[in-house]
Enquirer: 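Mind having a look at this structure? Questions to follow.
Throughout, a chain's letter reflects where its sequence line sits, starting with A, and its residues are numbered from 1.
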Protein chains: 2
Amino acid sequence: MKIGELAAVARCTVETVRYYEKEGLLPAATRSGGNFRQYGAEHVERLRFIRNCRALDMSHGEIRRLLELADHPQDDCGAVNEVFDQHIAHVAERIRELEQLRAALTHLRQRCCDTQAVDACGILHGIAEMENATLPERHTHL
Amino acid sequence: MKIGELAAVARCTVETVRYYEKEGLLPAATRSGGNFRQYGAEHVERLRFIRNCRALDMSHGEIRRLLELADHPQDDCGAVNEVFDQHIAHVAERIRELEQLRAALTHLRQRCCDTQAVDACGILHGIAEMENATLPERHTHL
DNA sequence: TCCACAACCTGAAGCTACTATAGAGTCAAG
DNA sequence: CTTGACTCTATAGTAGCTTCAGGTTGTGGA
């Protein structure tokens, strides 16, 4: 199977496949006489795994770790659960951050209910007066 | 005031200040004899505004738009409200996406309750079996 | 006056996860 | 034998910075 077909079955672009190879997420393919990449079922499986992890918003670092662990089938899967739990924690943390953010934005929004002159706009004044202590820093890649 | 002091009062790094100047968010400073940037109160105000917008997770594009609008104090502030409402909508949308994601992750997590061999791990099998239709695409910069 | 050292300067590269482009080569059908 | 789809490599761009290299300026103590 050539790269276009692989990309099609995994629903990603050809460029993404080549990028994963360069990043070491996908092992280098064998080459045909004309230097075209040749793939088999194991590449399909691996690429689909990677794309599914990306659909779950995992970083390449997290995916790399999962792939390493999956490559030792006899080992205990506790480490897998750990990676996964940490990822869930990242997501939960980001949701908390964004909910704080939404509350702050909604509060600010109420400072300008009517349309008026810009220099009297409650939103702009609200932003100018903010103390940075209000909001959290970002802790995740999400 | 020199760049280090400006950065300190706005609680960001010197590099960030120079970056904002290069991006055109912050107007170019006048220079001292030794080519050091010199800032005044208006720069402090503007930089604090920018940093507060960033704390609200606005993109540089959104901030640029707000700054433009703020530079025409006599105009109607309806456009400001519009930018703001759209940003709130972005945040709400991202929260929805992440909550879907969390649900999917939590569901997957339940497929491996006990520690066992990697090749029997319900999480890894679950990821491998996923259909990409499950999850939404990202629509915002958040 | 000299020296050390902090703070400043510019320009370029690195980060994440891709996407897009240019220019060239390969292959199957008509 | 030509057309056109597909592939190849290498490079640059995206957002919002951070880090680094290599050089200049300003300030305080000896």
Side-chain angles (χ1 to χ4, degrees), chain A residues 1-26 28-39 43 47 49-67 87 90 94 132 135 137-142, chain B residues 1-26 28-39 43 47 49-67 87 90 94 132 135 137-142:
Chain A
M1 160 184 327
K2 285 185 290 183
I3 196 169
E5 196 183 341
L6 176 65
V9 301
R11 291 179 210 175
C12 67
T13 69
V14 167
E15 288 77 19
T16 301
V17 176
R18 286 197 281 251
Y19 173 67
Y20 288 165
E21 178 181 315
K22 203 170 60 181
E23 289 295 290
L25 288 177
L26 207 54
T30 58
R31 298 297 179 113
S32 72
N35 198 32
F36 285 11
R37 290 172 179 83
Q38 283 178 318
Y39 296 101
H43 294 96
L47 179 55
F49 186 89
I50 295 168
R51 292 305 295 172
N52 289 340
C53 286
R54 289 293 302 134
L56 296 171
D57 257 346
M58 290 185 199
S59 69
H60 282 194
E62 289 169 323
I63 297 170
R64 208 182 303 276
R65 183 104 183 84
L66 281 188
L67 287 171
H87 182 57
H90 289 336
R94 185 66 182 141
N132 336 37
L135 287 164
E137 289 165 38
R138 287 184 75 151
H139 300 297
T140 78
H141 64 272
L142 298 164
Chain B
M1 165 186 323
K2 284 185 291 183
I3 196 170
E5 195 181 342
L6 175 65
V9 301
R11 290 177 210 176
C12 67
T13 68
V14 167
E15 289 78 19
T16 300
V17 176
R18 286 197 281 249
Y19 174 67
Y20 288 164
E21 179 182 314
K22 202 170 58 180
E23 289 296 289
L25 288 177
L26 208 54
T30 57
R31 298 298 180 112
S32 71
N35 199 32
F36 285 11
R37 290 172 179 84
Q38 284 179 318
Y39 296 100
H43 293 96
L47 180 55
F49 186 89
I50 296 168
R51 291 306 293 171
N52 288 341
C53 287
R54 289 294 301 134
L56 295 171
D57 258 346
M58 290 183 198
S59 68
H60 282 192
E62 289 169 323
I63 297 170
R64 209 183 303 278
R65 182 104 183 86
L66 281 189
L67 287 171
H87 182 56
H90 290 335
R94 185 65 182 141
N132 335 37
L135 287 163
E137 290 166 36
R138 288 183 73 153
H139 300 295
T140 77
H141 65 272
L142 297 164

Enquirer: How long is the gap from NE2 on B:H87 to CD1 on B:I63, to the nearest 0.5 Å?
Expert: 9.0 Å
Enquirer: Under the side chain to side chain contact (heavy atoms under 4.5 Å, CB included) rule, what do A:R18 and A:E21 come out as? Steps first, then yes or no, please.
Expert: CA-CA 5 Å; A:R18 286 197 281 251; A:E21 178 181 315; 5.6 Å; no
Enquirer: Using whole Å, what does the distance between atom C1' of nucleotide C:dT16 and atom NE2 of A:H90 come to?
Expert: 14 Å
Enquirer: Between B:E15 and B:S32, which residue's closest nucleotide on DNA chain D lies nearer the 5′ terminus?
Expert: B:E15
Enquirer: Report yes if some heavy atom in the side chain of B:L66 is under 4.5 Å from a heavy atom in the side chain of B:F49; otherwise report no.
Expert: yes
Enquirer: D:dC17 C1' sits how many Å from B:D57 CG, rounded?
Expert: 14 Å
Enquirer: Nearest-Å distance, CE (A:M1) to C1' (C:dC27)?
Expert: 19 Å
Enquirer: On DNA chain C, compare the nucleotides closest to A:E23 and A:G33; which residue's is nearer the 5' end?
Expert: A:E23
Enquirer: Using the side-chain heavy atoms of B:S59, tell me which of these nucleotides is nearest: D:dT18, D:dG16, C:dA20.
Expert: D:dG16
Enquirer: Between A:K22 and A:Q38, which has a closest nucleotide on DNA chain D that is more 5'?
Expert: A:Q38
Enquirer: Using a cut-off of strictly less than 4.0 Å, decide whether A:R37 has a side-chain nitrogen or oxygen near OP1 or OP2 of D:dC8.
Expert: yes
Enquirer: Supply the atom-to-atom distance A:R37 CZ to A:L6 CG, rounded to the nearest 0.5 angstrom.
Expert: 10.5 Å
Enquirer: Can you see if the side chain of A:R51 gets near the phosphate of C:dA17 - specifically, an N or O under 4.0 Å from OP1 or OP2?
Expert: no
Enquirer: May I ask you to check whether over 12 heavy atoms, not counting those of A:R64, lie within 6.0 Å of atom CZ?
Expert: yes
Enquirer: Below the 4.0 Å mark, does C:dT19 have OP1 or OP2 next to a side-chain nitrogen or oxygen of A:T13?
Expert: yes
Enquirer: Looking at the side chain of B:F36, which of C:dA17, D:dC8, C:dC9 is the nearest nucleotide?
Expert: C:dC9
Enquirer: In whole angstrom, what separates A:I50's CD1 from C:dC18's P?
Expert: 10 Å
Enquirer: Check the distance between D:dG16's P and B:L56's CG and give it to me in whole angstrom.
Expert: 14 Å
Enquirer: Does the side chain of A:H60 get closer than 4.0 angstrom to OP1 or OP2 of C:dT16 through an N or O atom?
Expert: no
Enquirer: Do any side-chain nitrogens or oxygens of B:T16 fall under 4.0 Å of OP1 or OP2 in D:dT18?
Expert: yes
Enquirer: With respect to the phosphate group of C:dT16, does any side-chain polar atom (N or O) of A:Y19 fall under 4.0 Å of OP1 or OP2?
Expert: no
Enquirer: Any side-chain N or O of A:R18 under 4.0 Å from OP1/OP2 of D:dC8?
Expert: yes
Enquirer: Can you find a side chain N or O atom of A:Y20 that sits less than 4.0 Å from OP1 or OP2 on C:dC18?
Expert: yes
